[in-house]
Amino acid sequence: NAGVTQTPKFRILKIGQSMTLQCTQDMNHNYMYWYRQDPGMGLKLIYYSVGAGITDKGEVPNGYNVSRSTTEDFPLRLELAAPSQTSVYFCASSYRAEQYFGPGTRLTVT
Amino acid sequence: DQQVKQNSPSLSVQEGRISILNCDYTNSMFDYFLWYKKYPAEGPTFLISISSIKDKNEDGRFTVFLNKSAKHLSLHIVPSQPGDSAVYFCAASAGAGSYQLTFGKGTKLSVIP
């Protein structure tokens, strides 16, 4: 039981490039989430999903897109990367309020 | 507008003593509260939670107290151990079935041997 896995662990992007952050969970949780954490700040919700085929915006969705074609996978797409998207990204899943987090992806946009 | 506030960015405590981490909230709709622990280069891990129908929840060395009238909760760690050194996040949701958590900025706890 791996829990929540995220790839890659680190990535450096040039301004204007695009990439997809992968997230997979093996706990059969309906709910999945993407957060970003900036230095000295709490986690801010980017997007969330309540089940396959259903996604919705969180607090800071601009510049990101998501899809949820299966229960297990919840990829986060960055289009036209900007320096403001430099952050640590966490994926999480849950079946109720207690969320289980992946190890994070550290993204730098230069 | 911060709905969940952790006003102490850092806290240092001697090993064996009590650590008290505080959290305040402003949204009256919050009725379920959680504490997460985060080590560097790892994701947050769930520690303990409390529903608004309770004022205390205990799990081993960890106890969370909730004062609804003051919109305040605290996490007590007794006794503190060096392995407890981490960043602690307070989070809140509007119901145990809610899928959205609002996080505080975190408090970095250092337990000194």
Side-chain angles (χ1 to χ4, degrees), chain A residues 2-10 21 23-25 27 29-51 54-61 66 68 71 74 87-107, chain B residues 1-10 21 23-27 29-54 57 59 62 64 73 86-108:
Chain A
V4 179
T5 57
Q6 293 183 238
T7 56
K9 290 190 187 305
F10 304 94
L21 282 66
C23 175
T24 300
Q25 54 97 4
M27 296 173 282
H29 288 164
N30 283 331
Y31 301 136
M32 294 189 75
Y33 320 79
W34 274 105
Y35 293 90
R36 60 178 285 173
Q37 186 191 14
D38 299 325
M41 302 295 288
L43 284 76
K44 292 190 182 297
L45 184 65
I46 305 171
Y47 270 95
Y48 63 92
S49 169
V50 302
I54 306 169
T55 62
D56 208 346
K57 295 177 181 179
E59 183 183 356
V60 290
V66 293
R68 183 97 181 270
T71 299
F74 190 40
S87 190
V88 181
Y89 292 83
F90 292 102
C91 178
S93 72
S94 76
Y95 65 94
R96 51 180 194 177
E98 290 84 2
Q99 295 180 14
Y100 296 83
F101 285 81
T105 294
R106 183 175 294 275
L107 175 68
Chain B
D1 179 31
Q2 265 190 284
Q3 297 186 66
V4 177
K5 301 177 185 180
Q6 294 178 258
N7 292 320
S8 298
S10 63
L21 294 92
C23 178
D24 298 294
Y25 62 96
T26 58
N27 189 338
M29 297 301 292
F30 289 148
D31 61 359
Y32 196 74
F33 304 90
L34 307 90
W35 284 94
Y36 281 83
K37 176 179 181 179
K38 185 182 180 304
Y39 292 119
E42 294 184 10
T45 55
F46 169 71
L47 196 56
I48 192 169
S49 62
I50 187 166
S51 166
S52 60
I53 63 173
K54 295 184 176 182
N57 188 27
D59 183 1
F62 303 92
V64 57
L73 62 155
V87 177
Y88 290 78
F89 290 98
C90 173
S93 77
S98 172
Y99 39 68
Q100 293 193 50
L101 295 180
T102 301
F103 284 84
K105 292 184 178 182
T107 296
K108 182 177 182 179

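Residue numbers start from 1 in every chain, and the chains themselves are labelled A, B, ... in the order their sequence lines are given, proteins ahead of strands. These numbers come from a predicted model, not from an experiment.
Contact annotation for B/K38: only side-chain heavy atoms (C-beta onward) come within less than 4.5 Å of a heavy atom of chain A. Proximity to chain B is limited to the side chain of A/V50, based on heavy atoms less than 4.5 angstrom apart. Interface residue A/L45: only side-chain heavy atoms are found under 4.5 Å from chain B. For B/A41, the part lying under 4.5 angstrom from a heavy atom of chain A is the backbone only.
Within a 6.0 Å radius of OH in B/Y39, more than 12 heavy atoms belonging to other residues, nucleotides or ligands are found. By the neighbour-count criterion of 12 heavy atoms within 6.0 Å, atom NZ of B/K37 is densely surrounded, having more than that number from other residues, nucleotides or ligands.
Chain A forms more heavy-atom pairs under 4.5 Å with one residue of B/P44, B/G106, B/G43 than with any other, namely B/P44.
Between A/Q37 and B/F89, the closest heavy-atom pair is NE2-CZ, 3.2 Å. In this structure, B/E42 and A/F90 approach most closely via the heavy-atom pair O-CE2, 3.7 Å. Across A/A97 and B/L34, no two heavy atoms sit closer than the pair O-CD2, 3.8 Å.
Applying the ring pair (Phe, Tyr, Trp, His ring centres under 6.0 Å) test to A/F101 and every residue at least two apart in sequence or in another chain returns A/Y35, B/Y36. Remark: B/F62 engages no residue in a ring pair (Phe, Tyr, Trp, His ring centres under 6.0 Å) (not counting sequence neighbours).
Note that OG1 of B/T102 is 9.5 Å distant from NZ of A/K44, once rounded to the nearest 0.5 Å. To the nearest 0.5 Å, the span separating OG on B/S49 from CZ on A/R96 amounts to 7.0 Å.
Side chains of A/E98 and B/Y32: a donor on one and an acceptor on the other come within 3.5 Å.
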